[in-house]
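Shown next, in structure tokens, is the structure this report addresses.
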Amino acid sequence: MHLSELTHPNQLHGLSIFQLQQIARQIREKHLQTVATIGGHLGPGLGVVELTLALYQTLDLDRDKVIWDVGHQAYPHKLITGRYANFDTLRQKDGVAGYLKRGESKFDHFGAGHASTSISAALGMALARDAQGDNFKVAAVIGDGALTGGMALEAINHAGHLPKTNLLVVLNDNEMSISPNVGAIPRYLNKMRLSPPVQFLTDNLEEQMRNMPFSPELSRLKEGMKRLAVPKVGAVFEELGFTYMGPVDGHNLEELITTFKEAHKHPGPVLVHVATVKGKGYAIAEQDQVGYHAQTPFNLATGKAIPSTKPKPPSYSKVFGETLSKLAENDPRIIGITAAMATGTGLDIFQKRVPKQYVDVGIAEQHAVTLAAGLACEGMRPVATIYSTFLQRAYDQIVHDVCIQNLPVFFCMDRAGIVGSDGPTHQGMYDISYLRSIPNMVLMAPKDEAELQRMLVTGITHTSSPIAMRYPRGNGYGVPLMEEGWETLPIGKGEILRQGDDLLMLGYGSMVYPAMQTAEILSEHGIEATVINARFAKPLDEELILPLAQKIGRVVTLEEGCLPGGFGSAIVESLMDAEVIVPVTRIGVPDILVDHATPDQSKAELGLTPPQMADRILKTFAKERSAIAAL
């Protein structure tokens, strides 16, 4: 059977090990060819090919459910569940999603873009199954990196307390998340990888003792022998209420199939520990597991990224990492904190330059925020550098542990706004709204990478309250950067970039330059706009904004975030409170989910390009003129 003929995972039933190995080879070839051509996640999927095939051969996928954690490790799953033919549309507009998506396939049982959710979701499905008197199997596949997330540990704690609830947890242990894992749990799992499988020895002991007459002494002897049989490093899962099996070679199909079949026979929660190699089957990815977690288009033969036709300015993340490193070299109080995203946030630069001031907490955003609060209590200058979409996971900690106590934690939110091909789970749409409502919080966003440098200094030196800075994914504008000597910005003060009497345009962060471009288009049609770089969404520069709004009489706000509760809403509230009654047009992302596409495609679809925004404003002016003429 060829992979292209595989449209339902139940077609794996009855295939020989040799046939499965052939399909595994074809999955890797298709996966590599696709990602090399259009980009995407590489290492995670390559590492779970055999795991996927073996697990699915032991399940009836018309009834049984497999819940994948994160979802970028589920590319083999997509290829054997009817998406081979259009897999080359991966992460492209209207194409196959880069993560699991319930609306895309009946086999995607739970959407997953953030880590550590699978065991909770799977346990919920298992409890629903039992409540409804059904008997299908439920399996959760979770990586060892995601196991550092508190939510996964909470789910394990709950599942272990339910000995009559059948649940299979498959631990995909490749010693990595995006970067090498940190903490006691990964260290513990590494010991387990080095221990021999002993579950069948345990089973044999139980079988031999099952028919012996019961006595309290015999019961204690049985438990004692079982504990001797289970290696010390596997005992934690047993103590938590799971039947532990492993570690199993994650690339040995025969061993995997045998283990999964055995696991399905055991009642209650079972954990199968599978040792895999991230990037398996592509030597370059195996050797550089961090660099090949995800890739832009690259040459398969050399592994080198296909160079851009034009040189690009440095990314915001790189400017952030370089600038924070220079500040930290002169200030030992600065502590850079990441939640397993050092490379994506630019903190890998910081780690190399000032390793003693760098902290990676693993996939544990809640812990990262409260850790930062504790550091701030003792006079340190914590910089919690977390993607906008991931900071959502620590909202209670932001409110309870930071803002209520008014601690000077500096939140730096990378990937704010439209992020592109990762889709709805990763769009940084909500940070303005979800932070603006919290007392004591200051919010700011730079118009370009040079202003980011100044805002970094501003955030570090601001000690009277929490402060947050959002900035976009991708490259800056190529404006001149300073090596040192950056000045702070006055809190809550914007700047006028352009003068005009017909319209007041208020741009925030990444929408300031588009506001300027929109103003130039309007000028060609006889409308002259004043453009303000707001810099701060909270506090607003009311001394600057309110008199101009009153004088000019028409306001447009521009933001790369959700409109409900966002920057435009803040402006409207401010005008209403000051009883400045003028028409306001809010331009941003409406109350919808933004699907995967390139950022430019998404902006065009949302009407956020300068020509589209100018056209919308011109139509508004035309309606007003028609109304005046009618009067």
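FYI, side chains are in, hydrogens and waters are out, and symmetry mates aren't considered; it's all heavy atoms of this structure.
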Between Asp69 and Ser118 (side chain of the first, backbone of the second, donor and acceptor by atom type, cut-off under 3.5 Å), is there such a pair? yes
Check: Ala373 main-chain N/O paired with Asp401 side-chain donor or acceptor under 3.5 Å: no
Please identify each residue that fulfils salt bridge (Lys or Arg N to Asp or Glu O under 4.0 Å) with Glu378, with sequence neighbours left out. none
Pairwise distance CD(Gln550) to CD1(Ile552) - rounded to 0.5 angstrom: 11.0 Å
Pairs flagged by ring pair (Phe, Tyr, Trp, His ring centres under 6.0 Å) wherever residues 402-423 is involved - sequence neighbours left out: none
Which atoms form the tightest heavy-atom contact between Cys403 and Pro439, and what is the distance? CB-O, 3.5 Å
SG of Cys412 to CG of Leu324, rounded to nearest 0.5 Å, is 7.0 Å
Would you say that Thr585 contacts Thr557 through its side chain, given a criterion of any heavy-atom pair below 4.5 Å between the two side chains? no
Option among Arg586, Arg436, Lys538 that satisfies the salt bridge (charged side-chain N to carboxylate O under 4.0 Å, His left out) test with Glu573: Arg436
When every non-hydrogen atom of Ile363 is compared with those of Gly145, the smallest separation belongs to CD1-O, 3.6 Å
Would you kindly say whether Asp396 and Gln366 are connected by a side-chain donor-acceptor distance under 3.5 Å? no
Are the side chain of Glu559 and the backbone of Ile587 linked by a donor-acceptor contact shorter than 3.5 Å? no
Show every ring pair (Phe, Tyr, Trp, His ring centres under 6.0 Å) that has at least one partner inside residues 556-578, sequence neighbours left out. Tyr508-Phe567
If the condition is ring-ring contact (aromatic ring centres under 6.0 Å, His included), which residues does Phe390 pass it with, not counting sequence neighbours? His114, Tyr387, His426
For the residue pair Ser116 and Ile142, what are the closest heavy atoms and their distance? CA-CD1, 4.3 Å
More than 12 heavy atoms of other residues, nucleotides or ligands under 6.0 Å from CE of Met576: yes or no? no
Tell me, do Arg498 and Glu520 make a side-chain contact under 4.5 Å, heavy atoms counted? yes
Supply the atom-to-atom distance Ser574 OG to Glu542 CD, rounded to the nearest 0.5 angstrom. 3.5 Å
Residues Glu451, Arg535; criterion salt bridge (Lys or Arg N to Asp or Glu O under 4.0 Å); working and verdict: CA-CA 9 Å; Glu451 194 162 75; Arg535 284 180 173 159; 2.8 Å; yes
Measure the spacing between CG of Asn174 and CD of Gln73 and express it to the nearest 0.5 Å. 8.5 Å
Heavy-atom pair with the smallest gap, counting every atom of Thr518 and Pro610: OG1-CA, 3.4 Å
Look at the side chain of Thr370 and the backbone N and O of His367, then say whether any donor-acceptor pair between them is shorter than 3.5 Å. no
Can a side-chain donor-acceptor contact be found between Ser317 and Asp414 if the only test is distance below 3.5 angstrom? yes
Answer whether the closest heavy-atom distance between the side chains of Ile532 and Met505 falls below 4.5 Å. no
Donor-acceptor pair, side chain of Ser325 and main chain of Arg353, under 3.5 angstrom: no
Stepwise, does the side-chain contact (heavy atoms from CB on, under 4.5 Å) test hold for Leu435 with Ile398? CA-CA 9 Å; Leu435 293 177; Ile398 297 169; 4.0 Å; yes
Heavy-atom closest pair (Pro466 atom, Val402 atom, distance to 0.1 Å) is CG-CG1, 3.6 Å
For a side-chain contact (heavy atoms from CB on, under 4.5 Å) check, start with the C-alpha distance between Thr389 and Arg415, then their side-chain angles and the critical distance, and finish with the verdict. CA-CA 8 Å; Thr389 183; Arg415 275 33 174 206; 5.8 Å; no
Which residues pass the salt bridge (Lys or Arg N to Asp or Glu O under 4.0 Å) test with Glu483, not counting sequence neighbours? Lys326
Sequence neighbours excluded - ring pair (Phe, Tyr, Trp, His ring centres under 6.0 Å) pairs with any residue from residues 453-499: Phe320-Tyr471, Tyr477-Tyr513
May I ask you to decide if Ala155's main-chain N or O and Ser120's side chain share a donor-acceptor pair within less than 3.5 Å? no
Distance-only, no hydrogens or angles: does the Gln397 side chain make a donor-acceptor pair with backbone N or O of Val369 under 3.5 Å? no
Kindly say whether Gly565 contributes a backbone atom to a donor-acceptor pair with the side chain of Ser433 at under 3.5 angstrom? yes
Close side-chain approach of Arg381 to Ile335, heavy-atom, < 4.5 Å: no
Please report the C-alpha distance between Leu452 and Met469 in whole Å, then the side-chain angles of each, then the deciding distance to 0.1 Å, and finally whether the side-chain contact (heavy atoms from CB on, under 4.5 Å) criterion is met. CA-CA 9 Å; Leu452 179 143; Met469 173 179 67; 4.2 Å; yes
Between Arg91 and Asp422, is the salt bridge (Lys or Arg N to Asp or Glu O under 4.0 Å) condition met? List the steps. CA-CA 7 Å; Arg91 293 163 57 89; Asp422 284 330; 2.7 Å; yes
Distance (rounded to the nearest 0.5 Å) between Asp541 CG and Leu548 CG: 9.5 Å
With salt bridge (Lys or Arg N to Asp or Glu O under 4.0 Å) as the test, would you mind laying out the steps for Glu286 and Lys278 before giving the verdict? CA-CA 6 Å; Glu286 291 183 37; Lys278 190 172 182 179; over 6 Å; no
Within the side chain of Ser465, is there an N or O that forms a donor-acceptor pair under 3.5 Å with the backbone of Asn440? yes
Phe298 side chain reached by Lys304 side chain, heavy atoms, under 4.5 Å: no
Close side-chain approach of Asp431 to Leu391, heavy-atom, < 4.5 Å: no
Between Lys447 and Glu495, does any NZ, NE, NH1 or NH2 come within less than 4.0 Å of an OD or OE carboxylate oxygen? yes
Is Glu560 salt-bridged to Arg470, going by a charged N under 4.0 Å from an acidic O? no
Would you say Gln612 and Thr609 are linked by a side-chain donor-acceptor pair, where the criterion is simply a distance under 3.5 Å? yes
Do Asp144 and Asn172 have side-chain heavy atoms sitting under 4.5 Å apart? no
Separation between CD of Glu484 and CG of Leu327, rounded to the nearest 0.5 Å: 10.5 Å
State, with a plain yes or no, whether a side-chain heavy atom of Val556 is found less than 4.5 Å away from one of Leu504. no
Are side-chain N/O atoms of Thr323 and Gln453 paired as donor and acceptor at under 3.5 Å? yes
Side-chain H-bond candidate by donor/acceptor type, Gln601 with Thr598, under 3.5 Å: yes
Applying side-chain contact (heavy atoms from CB on, under 4.5 Å), run through Val531 and Ile496 and close with a yes or a no. CA-CA 6 Å; Val531 178; Ile496 297 177; over 6 Å; no
Nearest non-hydrogen partners of Ser569 and Pro564, listed with the distance: OG-C, 4.2 Å
With no hydrogens and no angle check, do the side chains of Asp360 and Thr338 hold a donor and an acceptor under 3.5 Å apart? no
Inspect the contact between Glu449 and Arg454 and indicate whether a charged nitrogen and a carboxylate oxygen are less than 4.0 angstrom apart. no
